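Hydrogens, waters and symmetry mates play no part in the numbers below; they use all other heavy atoms, side chains included. In this text, all values refer to a predicted model and were calculated from it rather than measured experimentally. The residues of the chain are indexed from 1 along the displayed sequence.
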Amino acid sequence: MDTNKYPATGAYYWFMQQRMIGKPGTGDAPMHYLGPDTTKTNANGDKWTSDDSRDIVCPDAWKEHPFDASMGSPSCDEFAMASTHGSGGYPDASNKYQVSSGDKCAQLYANPSGSSFGLFADTRKDKNGPSNAEKCGRATIPRAQNTEAFKEFPAPAWRLLDNDAFYLSNPGFEHCTTTSSTCAWKKIS
């Protein structure tokens with residue numbers, strides 16, 4: 001993950017990696033790529049795609065958290081990503097992180113804080129904020145960061161097939177410790 005270009009997305013992924021220990025994309029638990037060669041199908045009989053997973057966690061009816069215009073336009077981002085078998089929206093008996101709705105995910109949003117930005121609990125659905133027991137994450141993140149962060153994911157170059165494992169690294173946050181409740185982004189040279 002290029003945290004120099006996408007620090008808010010990186011912060012969100014780092015936070016989820018710290019809070020969801022043992023779940024896909026955290027610690028020693030890899031994510032598994034949802035490839036175009038998947039055998040899973042949707043209700044229309046078409047191959048299951050990341051859009052199908054995203055529609056469950058981030059449906060059109062969901063309204064992003066109010067967002068400061070200086071951050072750009074808001075969008076819904078999920079963790080584990082829609083392009084993985086660990087997405088809360090991926091419907092498979094082996095996916096123990098599947099949810100019926102993104103309302104069951106940890107709810108967060110990015111917004112300005114000091115001279116940079118912060119990640120905050122979205123308490124509209126869960127009044128107490130994330131509990132660490134959620135199976136997934138849903139956050140209001142700047143659209144440009146959300147849509148670009150994995151756009152150049154090199155699955156074909158890495159020759160990933162459906163369900164192949166991979167790990168997510170967040171270089172701008174690797175200096176943070178798991179005992180930190182806050183972590184400041186660092187530019188990587």
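When every heavy atom of M1 is checked against every heavy atom of A149, the shortest pair comes out as CE-CB, 3.5 Å. Across all non-hydrogen atoms, the minimal contact from G129 to A121 is CA-CB, 4.0 Å. Pairing each heavy atom of A106 with each of P130, the nearest pair is CB-CB, 4.0 Å. Taking every heavy atom of both residues into account, S100 and I56 meet most closely at O-CG2, 3.9 Å. Between E134 and K104, the closest heavy-atom pair is CG-O, 3.8 Å. Pairing each heavy atom of T3 with each of G172, the nearest pair is OG1-N, 2.7 Å.
Annotation: the span from Q107 atom CD to C136 atom SG amounts to 8.0 Å, rounded to 0.5 Å. Here the straight-line distance linking atom CH2 of W14 with atom CZ of R19 works out to 9.0 Å at 0.5 Å rounding. Remark: T123 OG1 to L108 CG distance equals 11.0 Å, nearest 0.5 Å. For the atom pair M81 CE and S53 OG, the distance stands at 13.0 Å (nearest 0.5 Å). The distance from atom CG of N146 to atom OG of S73, rounded to the nearest 0.5 Å, is 10.0 Å. With rounding to the nearest 0.5 Å, the separation of OG1 in T38 from CG in N163 is 8.0 Å.
Within 6.0 Å of CG on N44 lie more than 12 heavy atoms contributed by other residues, nucleotides or ligands. Few gaps surround CG on N132; more than 12 heavy atoms of other groups in view lie less than 6.0 Å from it.
Between D162 and L34 there is a side-chain heavy-atom pair separated by less than 4.5 Å. In this structure, E78 and S87 have side chains that are in contact, with non-hydrogen atoms separated by less than 4.5 Å. F79 places a side-chain heavy atom less than 4.5 Å from the side chain of M20. A 4.5 Å side-chain heavy-atom check between F166 and P30 finds every atom pair outside the cut-off. Considering only heavy atoms from C-beta on, E148 stays 4.5 Å or farther from K5 through its side chain. The shortest distance between side-chain heavy atoms of D77 and Y13 falls below 4.5 Å.
Under a 4.0 Å N-O distance rule, the pair D52/K47 does not qualify as a salt bridge.
If you chain together hydrophobic residues whose side chains sit under 4.5 Å apart, Y33 and W48 never meet in one group. Hydrophobic clustering, with ILVMFWY side chains joined whenever heavy atoms are under 4.5 angstrom apart, keeps Y97 apart from M16. Both F173 and I141 sit in one connected hydrophobic cluster of ILVMFWY residues. Membership requires side-chain heavy atoms under 4.5 Å apart, directly or through other members.
In summary, the side chains of T49 and D51 do not present any donor paired with an acceptor at a separation below 3.5 Å, with no hydrogens or angles considered.
Side chain of N95 to backbone of D92: no donor-acceptor contact under 3.5 angstrom is found. A donor-acceptor contact shorter than 3.5 Å is absent between the side chain of K135 and the backbone of V99.
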Would you give me the side-chain donor-acceptor pairs under 3.5 Å for residues 62-72, sequence neighbours excluded?
residue	atom	partner	partner atom	Å
D68	OD1	S70	N	2.8
D68	OD1	S70	OG	2.5

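Using cut-offs of 30° and 60° for the angle between ring planes, the Y90 and H85 rings count as tilted.
Listed by chain and number, the residues in a ring-ring contact (aromatic ring centres under 6.0 Å, His included) with F120 are Y109 (sequence neighbours excluded).
Every pair passing disulfide bond (SG atoms under 2.5 Å apart) that includes a residue from residues 50-102 is listed here, sequence neighbours excluded: C58-C76.
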